[in-house]
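Below you'll find the structure, written out as structure tokens, and then a few comments.
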Amino acid sequence: MKNILNYINGQLIEAKSSKWLDNFNPSTGEVYSKITDSDETDLELAYQAANKAFPIWSKTSKEKRSEIMLKISSLIDENLDSLALAESVDNGKPVKLAKTVDIPRAASNMRFFATGILHYSSESQQYNDTAINYTLRKPLGAVGCISPWNLPLYLFTWKIAPALATGNTVIAKPSEITPMTAYLFSEICIKAGLPKGVLNIVHGLGHKVGAAMSKHPGIKAISFTGGTTTGETIARTAAPMFKKLSLELGGKNPNIIFADCNFEKALKTTLLSSFANQGQICLCGSRIFVEKPIYEKFKTAFVEATNKLIVGDPNNSDSNLGAIVSKDHLNKILSYVSLAKEEGGNVLTGGNQLFLNGVNANGYFMEPTIIEGLKFNCRTNQEEIFGPVVTIMPFETEDEVLKYANSTVYGLSSTVWTESTSKAQRFAQELEAGIVWINCWLVRDLRTPFGGVKNSGVGREGGFNAFNFFTEPTNVCLKL
Ligand code: NDP
């Protein structure tokens with residue numbers, strides 16, 4: 001059993017409380033490791049270490065910072081198999097998904113920002129013959145990064161990498177539900193020679209460690225990915241202290257399928273955008289709107305394809321879906337299926353917990369679920385479920401589907417399937433979303449602005465946006 005320790009000031013250490021939390025394997029329902037249960041005392045130690053390391057790290061050349069980060073990236077690549085297995089055991093996702101998506105993406109996050117910083121330059125403006133202005137971009141100091149459980153190492157590194165590249169020191173908190181790869185990452189950082197105190201990882205509960213981070217007066221910025229309610233709590237605490245905040249929050253994304261789409265491509269990708277990672281991706285398209293002329297044909301083909309998906313042991317290479325991340329989350333998803341039925345929904349397929357055999361007998365598995373017959377504005381169609389549950393409904397006009405698509409408080413991403421370029425562009429203009437995918441889903445260029453509108457977040461990550469967030473601009477005006 002591997003116990004998960006904090007990484008503070010270059011050391012792997014137990015929380016001061018000496019208390020431990022259970023870490024579950026969701027595919028067996030068993031406790032398979034213990035997590036050190038930190039609180040504000042440990043957070044303070046991490047802050048002290050980060051603050052002490054800041055003057056040297058911020059003055060370290062960007063080439064040197066880049067070199068260390070590239071070493072970390074290579075070590076992630078070298079440990080692909082063990083990290084993928086660890087991610088799968090901790091989260092319940094199929095090993096093959098962790099091996100092809102999560103872990104390679106964690107390595108490329110480190111590589112992308114390590115090389116990106118070498119190309120990051122600031123602006124300058126000449127003011128007639130009078131003066132020249134140029135912008136200094138200074139790191140903020142000790143910053144906080146808080147990440148969720150659905151894409152553990154992927155999102156953890158997505159936050160940490162731009163912060164470190166720009167010369168900040170970091171205090172990071174992974175989700176207590178999936179802390180294992182963050183712990184393995186701390187071992188990698190030690191091996192790569194990251195100076196002590198530059199990155200500090202504090203494990204434990206959100207309402208203890210995360211809350212202590214939000215209210216710490218010395219932590220200059222918080223980059224958070226997680227639920228909208230948690231984001232609101234963090235903002236309430238941090239905003240009056242004028243901390244910089246980047247909030248990547250929940251979604252209830254529309255997937256709009258027009259009759260003039262490439263049917264086979266739309267069908268194949270909709271299967272993924274509905275059920276990949278057991279539907280636990282903030283970008284999943286959980287509301288599917290299909291234009292009436294192809295509604296019945298699409299529905300029949302989609303149900304048929306969904307019925308062929310294999311929900312099984314995450315270790316099995318045939319499994320398309322693994323386990324739901326926790327028992328509580330499974331119960332939450334199932335309660336939404338009950339709600340959908342109360343609201344008049346008809347479950348076309350799925351809807352139930354799935355009981356497997358052998359080592360998985362006590363795991364948290366669920367059938368991929370499609371529900372029709374619901375109104376666009378019922379709770380099932382308005383609230384984030386974050387599981388393998390989608391709704392499907394027909395539409396007749398562009399205005400009608402636009403109204404449905406934009407009807408929620410969220411605005412993270414949207415997908416549009418049509419062969420008409422002008423229609424696609426019209427929708428890209430009108431959809432209230434930070435990201436619009438046309439005839440594709442989850443195609444990610446790390447240079448693009450990433451984030452949501454409305455209750456899906458504040459700020460943008462990705463590319464130079466992330467560098468801008470983790471630096472403070474100072475305009476210098478030089479008289480000519
Ligand atoms: P939560 O908001 O519950 O948790 C996210 C992180 O915040 C965890 O590390 C959690 O710790 C921590 N946390 C919890 N309470 C507090 C608090 N009071 N103060 C500070 N930190 C706290 O989200 P989930 O982990 O359940 O993740 C799922 C959510 O994340 C979904 O809503 C999903 O849409 C969203 N998400 C958004 C993405 C985006 O890019 N917009 C991407 C991926 C997910 P702990 O787990 O230990 O309690």
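Residue numbers start at 1 and run along the sequence shown. Order of listing sets the numbers, starting from 1, for every ligand and every atom in it.
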State if Gly231 counts as touching ligand 1 under the rule of any non-hydrogen atom under 4.0 Å. no
Checking contacts here: is it the side chain or the backbone of Ile146 that comes within 4.0 Å of ligand 1, counting heavy atoms only? Could be both or neither. side chain
Sequence neighbours left out, what passes ring pair (Phe, Tyr, Trp, His ring centres under 6.0 Å) with Tyr410? Give chain and number order. none
N/O of Ser147 under 3.5 Å from N/O of ligand 1, yes or no? yes
Please confirm whether Gly457 approaches ligand 1 to less than 4.0 Å, judged on its heavy atoms. no
Closest heavy-atom approach to atom 22 (C) of ligand 1 among Thr230, Asn277, Thr237 is made by Thr230
Between Asp39 and Lys19, is there a salt bridge with N-O shorter than 4.0 Å? no
Considering distance alone, does some N or O of Gly227 sit under 3.5 Å from an N or O of ligand 1? yes
Residue pair Asn9 / Leu45, side-chain heavy-atom distance below 4.5 Å: no
Is there a nitrogen or oxygen of Thr225 sitting under 3.5 Å from a nitrogen or oxygen of ligand 1? no
Residues forming a salt bridge (charged side-chain N to carboxylate O under 4.0 Å, His left out) with Glu232, sequence neighbours excluded: Arg236
If you measure from each heavy atom of Gly452 to ligand 1, is any distance below 4.0 Å? no
Tell me, which protein residue and heavy-atom name are nearest atom 26 (O) of ligand 1, and how many Å apart are they? Trp149 NE1, 2.8 Å
Please determine whether any non-hydrogen atom of Gly451 lies less than 4.0 Å from an atom of ligand 1. no
I'd like to know if Ile281 contacts ligand 1, where contact means a heavy-atom distance under 4.0 Å to any ligand atom. no
Cationic N near anionic O, under 4.0 Å, Glu44 to Lys16: no
Polar proximity ligand 1 side, Cys282 side, N/O cut 3.5 Å exclusive: no
Any N or O of Thr228 that comes nearer than 3.5 Å to an N or O of ligand 1? no
